[in-house]
There are 2 protein chains.
Amino acid sequence: MPQGAFPATAPIEQVDVGEVIAARLRELLAEGKFVAGEQITEGSTAAAFNVSRGPVREAFKRLTQEGLLKSERNRGVFVPVLSVGDVEDNYLLREAVEGASLERLISRSNPAEYTRLGDLLDRFEQCLAEGAWDLADDLDLTFHKELVHAAGSRRLRHAFDSVIVETRMCLRALGFHHPEHPDMASWHRDILDAAVAGDAEGARRALRFHNATVLKDLRRSNEDTTTTGS
Amino acid sequence: MPQGAFPATAPIEQVDVGEVIAARLRELLAEGKFVAGEQITEGSTAAAFNVSRGPVREAFKRLTQEGLLKSERNRGVFVPVLSVGDVEDNYLLREAVEGASLERLISRSNPAEYTRLGDLLDRFEQCLAEGAWDLADDLDLTFHKELVHAAGSRRLRHAFDSVIVETRMCLRALGFHHPEHPDMASWHRDILDAAVAGDAEGARRALRFHNATVLKDLRRSNEDTTTTGS
DNA sequence: CAAGTGTACATTGCTGACAATCAGCAATGT
DNA sequence: ACATTGCTGATTGTCAGCAATGTACACTTG
């Protein structure tokens, strides 16, 4: 093309129906739109999305492998009933991946990433101050995600993206909302500060403390609800 | 059933064709039966297994998500071409999961598991002494797998089982065989010994050393082959 | 002969239909 | 009245076929 190149244009949106359905279901599950234990049939889902069962089937298989749905052969797929134990187990994997990402992030020490993450935390703290809980919740998620992405490992990122959806689904299913703890903001800041300082050990410790506190809160809040419920 | 209970019988083998195909392909890929970059079509695979394309499709999608195949929309799925960088990235995730498992294993401190793992290592060392490399390779894999399984975390196990298949495929694709290093046996023993002693930090260090050495060997061996090749 | 164009072939994406399986309930026999 | 059997409706598992897409190559045109 010697002259007058074709004007820049967005490529046509090529959608993989199965992937779209999986993404949409993931969202719905994370938002807690389904009740625990509920069965979701291929047929009804296909009808809802106005497609055949094929792509829906693919989406189900995928979500099942991610642990977001439970499948029983020749019976159907069900929304899992999640216990506090599940959240704890989920956090084991989550912390493993995020911790390794932190370490790698520090060893590569990219200032640009640090400022970006810092900006995220600024906005997060502002949301907390303003009481914009939902937005803060999103930013919390984004921070952790970006932290892992910044490590630059495809596989760590892939694993984390998968595990964090379950985290969210778990917490939502148990009626737990993040920003309930007053020290919320400082935990994240501690992690990032340690990373910027190149203190891998400290960053890991801060991350561990963050997670342990969330789990402790969750256990307490869960005990409250179960006792008041019965 | 008052008397004469029905004689014990194994339940009928209920197979999910897609799952079986995925497992078989996983095996073939780990064994390096496909050449890197090769295309694998749904049709030919379906014909080879004498089933329709449906289950094959599911298997492909699954393996793609596990990172064992690469899929291009409307083009087909291909055997990925793996670089040393891929192995390094794979080891990042692998070490994260195995390290977390080690930690949890230690904190739960189950003597029965330790003896079982010790027995595995005994057999492993014997194979090394006898020069039974293939069997040693298997036992090596089994040891790591059982180590993670012994941690008792469903999600850590699931993640590890997934990642280790890719490890194997990577190493095989790069023409690397494990038991080439003389200190092979002691590494594993160091990990287990530290775990038995309740030394989480030492176990992690031993694991890290083990992996770092494998990667170093790999980089060296790969440089050799590439230089001799060109 | 070079550059662009049109066509044929291969492969995936999706659909609708059929077969296998399962949980629950009614029918049957003791 | 109780246990077992057989049926029923629903759901998944599998299949073959059609449409959409992408690649390769021969063809036209300058």
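By convention in this document, chain letters (A, B, ...) are assigned in the order of the sequence lines, proteins followed by strands, and residues within each chain are numbered from 1. Quick note: numbers below take in every heavy atom, side chains included, and nothing from hydrogens, waters or symmetry partners.
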Roughly how many Å is it from [atom1] in [X] to [atom2] in [N], rounded to a whole number?
X: A/Arg73; N: C/dA19; atom1: CZ; atom2: P; answer: 18 Å
X: A/Glu42; N: C/dA17; atom1: CD; atom2: C1'; answer: 15 Å
X: B/Arg75; N: C/dT12; atom1: CZ; atom2: P; answer: 10 Å
X: A/Ile40; N: D/dA10; atom1: CD1; atom2: C1'; answer: 17 Å
X: A/Asn74; N: D/dT14; atom1: CG; atom2: C1'; answer: 11 Å
X: A/Gln39; N: D/dT11; atom1: CD; atom2: C1'; answer: 7 Å

Drop me the distance from B/Ile21's CD1 to B/Thr45's OG1, to the nearest 0.5 angstrom.
8.0 Å
Any residue of residues 57-70 of chain B with a heavy atom less than 4.0 Å from an atom of DNA chain C:
B/Arg57
Contact check, residues 46-56 of chain B vs DNA chain C, heavy-atom distance under 4.0 Å, returns B/Arg53
Considering only NZ, NE, NH1 and NH2 on the basic side and carboxylate oxygens on the acidic side, decide whether A/Glu113 and A/Arg108 come within less than 4.0 Å.
no
Yes or no on side-chain contact (heavy atoms from CB on, under 4.5 Å) for A/Glu27 and A/Glu31, after CA distance, side-chain angles and deciding distance?
CA-CA 6 Å; A/Glu27 209 174 317; A/Glu31 286 171 5; 3.9 Å; yes
Tell me whether the rings of B/His210 and B/His144 are parallel (<30°), tilted (30 to 60°) or perpendicular (>60°).
parallel
Examine B/Arg57 relative to B/Phe60 and say whether NZ or CZ is less than 6.0 Å from the centre of the six-membered ring and inside a 45° cone about the ring axis.
no
